[in-house]
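Quick note: numbers below take in every heavy atom, side chains included, and nothing from hydrogens, waters or symmetry partners.
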Amino acid sequence: MIIIINGALGVGKSSVAEELHWKFEKSVHLDGDHIGAVHPFEIYDETRTLHLHRTLELLVRFHRESGYPDIVINYIFENAAQLRQLKDLLRPLDPDLRSFRLICDPAEHEARVRRRGRNSLDWELKRHVELTRIQDEAARVGDIGRPIDTTGLTAAEVAEIIWALAHSE
């Protein structure tokens with residue numbers, strides 16, 4: 001199984017993905033932010049995005065061939081086309097793909113971003129609001145992952161919800 005966790009900056013994708021991957025008997029957690037950390041980094045560069053998706057495909061293939069059947073990926077997908085591009089690359093490796101989008105109450109989301117304590121706090125505070133708006137609009141017209149409201153929940157609790165949903169479909 002491959003599970004993809006989407007959501008705006010600071011909503012808890014990495015934490016949930018980390019918790020979720022421990023639930024499998026043998027799995028790998030691939031954090032798209034770390035894997036796609038190229039320089040220079042341009043947010044809206046389709047070549048960079050395809051590079052990341054192809055790198056994720058390569059890593060998933062390698063890990064599957066090395067005996068890790070289950071993969072959890074987290075990254076920000078702003079629209080259905082971006083998520084579909086990655087799914088199309090991964091589907092030949094495992095047709096059992098599940099995607100979820102983490103959402104959160106705006107005040108709690110802001111508090112989570114503030115707790116990250118990054119040097120770029122002002123930019124992150126603006127970007128999480130912008131990404132939430134972009135993803136909300138994208139969700140109205142396409143699939144960017146099944147929404148999971150994380151308000152008031154720990155990463156472990158959200159992982160449990162996703163685990164149950166992924167194994168019930």
Side-chain angles (χ1 to χ4, degrees), residues 2-21 28-63 71-94 97-151 153 155 158-159 162:
I2 298 173
I3 296 179
I4 301 170
I5 307 295
N6 186 17
L9 177 151
V11 77
K13 294 177 303 300
S14 297
S15 299
V16 168
E18 185 70 19
E19 289 286 339
L20 186 59
H21 113 91
V28 175
H29 168 209
L30 300 174
D31 188 318
D33 284 342
H34 296 285
I35 292 165
V38 297
H39 179 72
F41 181 88
E42 295 292 331
I43 292 175
Y44 296 110
D45 179 351
E46 290 181 28
T47 302
R48 181 203 55 81
T49 302
L50 179 58
H51 176 84
L52 168 63
H53 292 173
R54 292 184 64 210
T55 302
L56 286 167
E57 174 198 19
L58 177 74
L59 290 169
V60 168
R61 181 184 313 279
F62 173 78
H63 288 302
I71 310 291
V72 180
I73 298 169
N74 62 279
Y75 194 63
I76 297 170
F77 299 89
E78 290 191 18
N79 58 60
Q82 290 174 346
L83 181 57
R84 186 174 46 253
Q85 181 183 67
L86 178 61
K87 284 181 163 182
D88 288 347
L89 288 168
L90 298 179
R91 194 167 284 111
L93 304 174
D94 188 342
L97 289 166
R98 313 295 170 99
S99 57
F100 299 90
R101 175 183 169 227
L102 306 185
I103 58 175
C104 187
D105 168 80
E108 185 171 328
H109 195 161
E110 179 178 334
R112 289 178 185 180
V113 171
R114 287 183 181 283
R115 278 195 303 269
R116 289 161 53 118
R118 303 271 174 90
N119 291 335
S120 55
L121 179 61
D122 289 339
W123 181 85
E124 288 191 1
L125 287 169
K126 291 174 189 166
R127 183 68 175 149
H128 95 271
V129 171
E130 177 186 30
L131 280 170
T132 299
R133 181 189 52 74
I134 289 168
Q135 287 185 334
D136 286 347
E137 290 174 12
R140 285 193 267 288
V141 297
D143 175 24
I144 61 166
R146 182 176 181 166
I148 304 293
D149 190 344
T150 67
T151 305
L153 301 175
V158 176
I162 291 172

*Of all the heavy-atom pairs spanning His128 and Ala8, show the shortest one and how long it is.*
O-CB, 4.0 Å

*Given side-chain contact (heavy atoms from CB on, under 4.5 Å), test Ile73 with Leu90 step by step and report yes or no.*
CA-CA 11 Å; Ile73 298 169; Leu90 298 179; 3.8 Å; yes

*Please determine, by modelled atom types, if Arg127 and Ser120 share a side-chain donor-acceptor pair under 3.5 angstrom.*
no

*Considering only heavy atoms from C-beta outward, does the side chain of Ile103 approach that of Val11 to under 4.5 Å?*
no

*Where do Asp88 and Arg91 come nearest, in terms of heavy atoms and distance?*
OD1-NH1, 3.1 Å

*Identify whether the distance between the nearest side-chain nitrogen and carboxylate oxygen of Asp136 and Arg133 falls below 4.0 Å.*
no

*Take Ile71 and Leu93, measure what side-chain contact (heavy atoms from CB on, under 4.5 Å) needs, and give me the verdict at the end.*
CA-CA 11 Å; Ile71 310 291; Leu93 304 174; over 6 Å; no

*Report yes or no: does Arg48 contribute a side-chain atom to a donor-acceptor pair with the main-chain N or O of Glu42 at less than 3.5 Å?*
yes

*asked:* Can you give me the closest heavy-atom contact between Ala17 and Asn74, atom names plus distance?
replied: CB-OD1, 3.6 Å

*asked:* Any heavy-atom pair between the side chains of Arg114 and Leu125 that's under 4.5 Å?
replied: yes

*asked:* If the condition is ring-ring contact (aromatic ring centres under 6.0 Å, His included), which residues does His63 pass it with, not counting sequence neighbours?
replied: none

*Return the minimal non-hydrogen interatomic distance between Asp31 and Ser14, and the atom names on each side.*
OD2-OG, 2.9 Å

_Spatial distance of atom CZ (Arg101) from atom CZ (Arg146) [nearest 0.5 Å]_ = 14.0 Å

_Minimum heavy-atom distance Leu153-Glu108, with the two atoms named_ = N-OE2, 4.4 Å

_Flag side-chain contact, heavy atom, 4.5 Å: Val16 against Phe100_ = no

_Nearest-0.5 Å distance, CD of residue Glu78 to CD1 of residue Ile134_ = 4.5 Å

Please list every donor-acceptor pair under 3.5 Å in which a side-chain atom of residues 51-59 meets a protein atom from a residue at least two apart or in another chain.
{"unit_1": "His53", "atom_1": "ND1", "unit_2": "Gln85", "atom_2": "OE1", "d": "2.6"}
{"unit_1": "Thr55", "atom_1": "OG1", "unit_2": "His51", "atom_2": "O", "d": "2.7"}
{"unit_1": "Glu57", "atom_1": "OE2", "unit_2": "Arg61", "atom_2": "NH2", "d": "3.3"}

*Which distance, rounded to the nearest 0.5 Å, do you find between the CD1 of Ile3 and the CG of Asp94?*
10.5 Å

*In Å and rounded to the nearest 0.5 Å, what is the CG to CD distance from Leu9 to Gln135?*
10.0 Å

*Is there side-chain contact between Ile43 and Ile76, with at least one heavy-atom pair below 4.5 Å?*
no

*Can you check whether Asn6 reaches Tyr75 side chain to side chain, under 4.5 Å on heavy atoms?*
no

_Heavy-atom neighbours of Glu46 CD exceed 12 at 6.0 Å_ = no

_Nearest-0.5 Å distance that lies between atom CG in Leu131 and atom NE2 in His109_ = 8.0 Å

*asked:* As an exercise, state the distance from CG of Leu97 to CG of Leu86, rounded to the nearest 0.5 Å.
replied: 8.0 Å

*Thr150 versus Cys104, closest heavy-atom pair with distance*: OG1-CB, 3.6 Å

